[in-house]
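Hydrogens, waters and symmetry mates play no part in the numbers below; they use all other heavy atoms, side chains included.
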Amino acid sequence: MNSIGEECQELKVAYDSCFNKWFAEQFLKGNTHDPCKALFGVYQTCVKKAILEKKLDLGEIEKDVLGTDREEKKT
């Protein structure tokens, strides 16, 4: 899947590559230190800028849901 903003595509590819390598080679072996965190922050900033430029509402994506009563849970 492509990034929401063309200008963010290279960052997305770099982050996806970093994350997939870390997940497969380190996380699954117990290393939970995420070396891709800084790269994710840069990518996230780019995506937020692209969303604002497209005049989309960021409010919904910035709300905390996991671990709250707003989280949908299958029973």
Side-chain angles (χ1 to χ4, degrees):
M1 177 187 308
N2 290 334
S3 181
I4 189 166
E6 281 185 44
E7 65 278 11
C8 304
Q9 186 60 31
E10 286 184 33
L11 289 169
K12 181 188 184 319
V13 170
Y15 173 71
D16 286 349
S17 176
C18 181
F19 178 85
N20 290 334
K21 181 176 169 63
W22 166 73
F23 187 82
E25 296 176 8
Q26 296 178 31
F27 180 80
L28 293 177
K29 294 177 182 174
N31 181 358
T32 58
H33 170 73
D34 182 0
C36 309
K37 188 175 182 175
L39 183 56
F40 177 73
V42 174
Y43 174 57
Q44 182 181 43
T45 298
C46 185
V47 167
K48 285 182 179 183
K49 182 179 176 198
I51 289 171
L52 289 172
E53 288 172 356
K54 293 176 187 283
K55 299 187 184 337
L56 300 172
D57 181 14
L58 283 176
E60 284 300 309
I61 66 168
E62 291 183 334
K63 289 181 182 175
D64 288 329
V65 175
L66 294 178
T68 71
D69 59 346
R70 294 181 33 201
E71 180 179 2
E72 292 184 24
K73 297 180 182 177
K74 295 184 180 187
T75 56

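The two residues A50 and G5 make their nearest non-hydrogen contact at CB-CA, 3.9 Å. The minimum heavy-atom distance between T32 and W22, with the atom names listed, is O-CZ2, 3.8 Å.
Not one N or O on the side chain of K12 forms a donor-acceptor pair closer than 3.5 Å with the backbone of V47. One N or O on the side chain of T68 and one on the backbone of V65 form a donor-acceptor pair closer than 3.5 Å.
Remark: Q26 CD to H33 NE2 distance equals 8.0 Å, nearest 0.5 Å. Once rounded to the nearest 0.5 Å, the distance linking CG of D34 with CZ of F27 reads 9.5 Å. Of the inter-residue distances, the one linking N31 atom CG with F23 atom CZ reads 12.5 Å to the nearest 0.5 angstrom. Of the inter-residue distances, the one linking E53 atom CD with I4 atom CD1 reads 10.5 Å to the nearest 0.5 angstrom. To the nearest 0.5 angstrom, K21 atom NZ is 10.0 Å from C36 atom SG.
Using a 4.5 Å heavy-atom threshold, the side chains of Q9 and N2 count as touching.
Using a 30° and 60° split on the angle between ring planes, F40 and Y15 fall in the tilted class, from 30° to 60°.
Follow the hydrophobic side-chain contacts under 4.5 Å out from V42 and you reach L52 in the same cluster. By the criterion of side-chain heavy atoms lying less than 4.5 angstrom apart, applied directly or through intervening Ile, Leu, Val, Met, Phe, Trp or Tyr residues, V13 is not grouped with L39; the two fall into different hydrophobic clusters.
The number of heavy atoms from other shown groups lying within 6.0 Å of CD (E10) does not exceed 12.
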